[in-house]
Amino acid sequence: MELGLILKGKGEYILNNVTYTADEGDLFIVRSNEMHCVPTITSESLVAFNIQLSPFFLWNICADYIPPQKRQALINPDISITHMLHDP
């Protein structure tokens, strides 16, 4: 699993064949094996921060903090999730 946070700049973020307009403060949640990329940067530059999380971390260390149904949504592609969150 990967979390991608846009710190500065703008561009396109493609995730599972859906194109998002990426802007400062956007957080993208990418599950395992989901195709994703940033093909276009529409500002002078783009600064992003990506964090990759292992399933071990989610199921063991986070077990006390994330309810089982939410952890299941992070690994099961049949469960619909919001891939992009925004917090300015």
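Source: prediction; values computed, not measured.
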*side-chain contact (heavy atoms from CB on, under 4.5 Å) between Phe56 and Ile61: does it pass, once the steps are laid out?*
CA-CA 7 Å; Phe56 176 85; Ile61 298 171; 4.3 Å; yes
*asked:* Any heavy-atom pair between the side chains of Ile81 and Arg31 that's under 4.5 Å?
replied: yes
_Can you confirm whether Glu44 is buried at CD, in the sense that more than 12 heavy atoms of other residues, nucleotides or ligands lie under 6.0 Å from that atom?_
no
_Tell me whether Met1 shares a hydrophobic cluster with Met84, the cluster being built from Ile, Leu, Val, Met, Phe, Trp, Tyr side chains joined at under 4.5 Å._
no
*Atom CG of Asn33 with >12 non-hydrogen neighbours under 6.0 angstrom*: no
*Step by step, would you call Leu27 with His86 a side-chain contact (heavy atoms from CB on, under 4.5 Å)?*
CA-CA 6 Å; Leu27 176 68; His86 180 79; over 6 Å; no
*Go through the steps for Val30 and Leu15 under the test side-chain contact (heavy atoms from CB on, under 4.5 Å), then give the verdict.*
CA-CA 8 Å; Val30 184; Leu15 175 56; 3.9 Å; yes
*In Å, rounded to the nearest 0.5 Å, how long is the span from CZ of Phe49 to CG of Leu7?*
8.0 Å
_On a heavy-atom basis, which atom in Gly9 and which in Ser43 lie closest, and how many Å separate them?_
CA-OG, 3.3 Å
*For the side chain of His36 and the backbone of Ile14, is there at least one donor-acceptor N/O pair under 3.5 Å apart?*
no
_Stepwise side-chain contact (heavy atoms from CB on, under 4.5 Å) test for Glu12 and Ile41_ = CA-CA 6 Å; Glu12 288 183 344; Ile41 297 172; over 6 Å; no
*Rounded to the nearest 0.5 Å, what separation is found between the CE atom of Met35 and the SG atom of Cys37?*
7.5 Å
*Kindly indicate whether the side chain of Ile6, heavy atoms from C-beta on, has any atom under 4.5 Å from the side chain of Leu46.*
yes
*Taking side chain as C-beta onward, heavy atoms only, is Glu2 less than 4.5 Å from Glu34?*
no
*Would you find a donor on one side and an acceptor on the other, under 3.5 Å apart, between the side chain of Asn76 and the backbone of Ala73?*
no
*Look up atom CG in Leu53 and atom SG in Cys62, then write down how far apart they are to the nearest 0.5 Å.*
7.0 Å
*Can you tell me how far CD1 of Ile79 sits from CG of Leu74, rounded to the nearest 0.5 angstrom?*
9.0 Å
*asked:* Under 6.0 Å between ring centres: does that hold for Tyr20 and Tyr13?
replied: no
*More than 12 heavy atoms of other groups within 6.0 Å of Asn50 CG*: yes
*Give, for atom CD1 of Ile66 and atom CD of Gln72, the distance between the pair rounded to the nearest 0.5 Å.*
12.5 Å
_Heavy-atom check, side chain of Leu85 versus side chain of Phe28, under 4.5 Å_ = no
*Please examine the side chains of Ile75 and Ser32, heavy atoms only from C-beta on, and report whether any two atoms are closer than 4.5 Å.*
no
*From Thr42 atom OG1 to Lys10 atom NZ, the distance as rounded to the nearest 0.5 Å*: 7.0 Å
